[in-house]
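This report concerns only the one structure given below.
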Amino acid sequence: IYLTQIGEFLKSLNTGSTGQAFLIERNGLLVATSTGEIPFDYTVRKQLADNVAPQHRRLLAVHSQNPLTAATARLLAKQSTRAEPVRHPQQLQLWLNHNLYFVQVIPLSGELDWFMVVVLPASDFMGRIQANLRGTIALCGLALLGSVGLGLWTSQRLARSLLRLNQATQAIAEGDLSVVPPNAHITEVDALANSFRQMLSSLQQADQLRRHYAQELEQQVAEKTAALTAAQRIARVGSWEFDVATGESFWSAEQFRILGMALDQEIPNYPEIFNLLPPADQPRMQKAVEAAIAHGTPYEIEHQMLRPDGSICHVVSRGEPICNDQGQVIKLVGTITDITQLKQAEAQLRQSEATNRALLAAIPDLLLRIGRDGTCYSFIPPKDQQTGTFLPICENLSEVLPPDLLQYQLQRIEQALATGALQVWEHQILKSGVPCDEEIRLVPCGQDECLVIVRDITERKRAELALQASEARYRIL
């Protein structure tokens with residue numbers, strides 16, 4: 001088989017008007033081509049042997065007279081230098097003279113180390129694609145015209161049905177739940193109308209639930225308001241609000257009661273409200289309120305209030321600012337707490353404390369608060385130093401009592417704590433080496449402590465002994 005015969009076979013292949021197919025060896029020698037080009041170099045050589053031997057006359061594909069064949073061979077040469085040797089079919093792209101070509105490289109199996117190269121111009125494919133595209137556009141145009149016409153007819157029919165349905169929904173939105181959406185004889189619109197009918201039924205049920213809920217809510221609000229009013233009355237706490245922009249105020253019922261005012265009485269405006277305070281408290285209160293309005297500073301002040309009947313009540317006023325998004329104070333809210341009874345109780349307590357101090361000053365005895373283990377919590381000596389001398393106790397009775405007296409007193413403490421009964425006894429103790437007599441009275445004053453009253457009876461004991469001695473001498477006489 002001659003190489004030209006292989007070329008004739010390749011020429012018979014359908015590669016288009018500008019496409020081609022050729023065989024090439026791995027070393028780049030052209031075997032055959034569909035272009036009709038002879039794969040030999042006819043250039044005259046100087047040596048006769050070179051002119052006669054066919055192997056010296058073989059043509060490299062890159063030296064082909066056909067520009068497409070040469071360009072494809074150069075592309076294959078570059079591809080073989082960049083990667084592994086071609087073992088499997090490959091698809092490449094070639095640009096030549098601003099035209100795109102698709103290159104298919106197929107290695108042939110067997111003893112021949114050849115490549116089958118097929119080069120097809122992209123325009124051969126795009127021509128068919130462009131023809132198909134023009135046909136598709138024409139069909140789409142016809143379909144669009146038909147769709148537009150059908151859509152116009154359908155939309156007009158739908159528009160009339162939807163308009164009637166829209167009028168019904170607007171009536172429903174305005175609160176007329178008695179409207180019934182009409183039938184349109186269009187399946188989809190009728191389905192929508194049925195949905196609206198179901199929605200209307202649900203709205204009617206929801207409206208009934210809303211009215212029922214509103215009634216319950218009003219009842220709960222009334223109950224909560226009554227509970228809040230009762231809680232404020234029990235706690236003696238009134239609440240108030242002050243609108244900075246309008247100067248209007250709101251008071252709770254308990255605040256009216258605390259200030260001795262009737263519920264229908266007009267609330268004083270700002271700053272006349274400060275006239276309800278005694279003159280001595282007005283500057284301090286006014287300064288706190290102005291600071292709360294200007295700087296958003298909360299306050300808590302204890303002061304007096306003047307009631308219309310002339311009486312004075314003591315209150316604790318608390319106020320906090322409420323600001324808008326710009327940080328400006330728009331409202332003050334707060335409470336007043338009636339502490340008149342607390343102030344009266346404090347006065348009574350101070351009077352009671354003064355009375356107790358006077359009683360303690362008049363008692364000629366030593367007072368002790370002693371724990372179960374003999375710990376001394378309080379040591380209160382008598383004010384009158386002539387009632388006797390008592391040894392000071394810092395922490396425990398063991399500091400002043402001998403072991404036998406300490407044990408006996410701890411036993412009496414346990415007995416008093418167990419029975420709750422008053423314990424009274426006498427003992428004698430050495431004070432600065434001098435025996436002294438004391439009377440002990442012990443009563444429980446807590447779960448683990450007792451109040452101990454110690455009285456020095458040394459003089460009384462001496463008088464009793466002197467009286468007994470006198471009586472004895474009188475009997476002898």
Side-chain angles (χ1 to χ4, degrees), residues 1-140:
I1 298 176
Y2 295 99
L3 297 181
T4 55
Q5 293 177 330
I6 299 176
E8 291 296 329
F9 170 74
L10 294 177
K11 189 175 182 180
S12 66
L13 299 178
N14 183 15
T15 57
S17 59
T18 57
Q20 60 178 252
F22 60 87
L23 291 172
I24 186 174
E25 295 185 10
R26 190 175 294 275
N27 56 11
L29 294 175
L30 184 64
V31 177
T33 176
S34 62
T35 59
E37 182 180 8
I38 303 300
F40 292 100
D41 184 4
Y42 287 97
T43 305
V44 179
R45 305 301 191 348
K46 294 180 179 181
Q47 299 293 332
L48 179 61
D50 292 339
N51 291 323
V52 175
Q55 62 271 20
H56 296 296
R57 305 299 296 255
R58 295 287 303 278
L59 178 65
L60 289 172
V62 295
H63 295 156
S64 173
Q65 298 297 319
N66 188 286
L68 183 57
T69 303
T72 304
R74 287 193 294 272
L75 176 64
L76 294 178
K78 291 180 181 179
Q79 202 67 18
S80 62
T81 58
R82 292 178 182 175
E84 298 275 337
V86 178
R87 303 296 183 188
H88 303 285
Q90 292 185 359
Q91 289 81 31
L92 304 174
Q93 292 184 1
L94 172 66
W95 284 92
L96 180 64
N97 297 328
H98 306 291
N99 294 319
L100 176 63
Y101 294 86
F102 296 118
V103 179
Q104 176 80 20
V105 182
I106 304 174
L108 300 180
S109 59
E111 297 179 357
L112 298 176
D113 194 9
W114 291 356
F115 294 107
M116 178 68 180
V117 181
V118 180
V119 184
L120 298 176
S123 59
D124 290 353
F125 297 96
M126 296 304 296
R128 295 181 181 179
I129 293 175
Q130 292 293 336
N132 292 335
L133 178 61
R134 286 191 295 271
T136 302
I137 292 174
L139 292 176
C140 290

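A donor-acceptor pair is defined here as one N or O able to donate and one able to accept, closer than 3.5 Å; such a pair exists between the side chain of Asn27 and the backbone of Leu29. Judged by distance alone, the side chain of Ser34 and the main-chain N or O of Gln20 form no donor-acceptor pair under 3.5 Å. Checked by atom type and distance alone, the side chain of Gln65 never pairs as donor or acceptor with a backbone atom of Glu37 at under 3.5 Å.
Residues Ser64 and Ala70 share a closest heavy-atom pair of O-CB, 3.9 Å. Residues Leu30 and Leu23 approach most closely at CD1-O, 3.5 Å, considering heavy atoms. What you find for Val117 and Val119 is that their closest heavy atoms are CG1-CG2, 4.0 Å. Leu76 and Leu92 make their closest contact through CD2-CD1, 3.9 Å (heavy atoms, listed as atom of the first residue, atom of the second, distance). For the pair Gln93 and Phe102, the tightest heavy-atom approach, listed with the atom from each and the gap, is NE2-CE2, 4.0 Å.
Distance check, rounded to the nearest 0.5 Å: CZ of Arg26 to CH2 of Trp114 gives 13.5 Å. In this structure, CG in Leu94 is found 5.5 Å from CG in Leu75, a value given to the nearest 0.5 Å. Note that the CD atom of Gln90 and the CD1 atom of Ile106 stand 11.5 Å from one another [nearest 0.5 Å]. To the nearest 0.5 Å, the span separating CD1 on Ile24 from CG on Leu59 amounts to 9.5 Å.
The residue from Ile6, Thr69, Val31 that alone fulfils the side-chain contact (heavy atoms from CB on, under 4.5 Å) condition with Phe22 is Thr69.
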Between Gln104 and Leu120, is the side chain to side chain contact (heavy atoms under 4.5 Å, CB included) condition met? List the steps. CA-CA 9 Å; Gln104 176 80 20; Leu120 298 176; over 6 Å; no

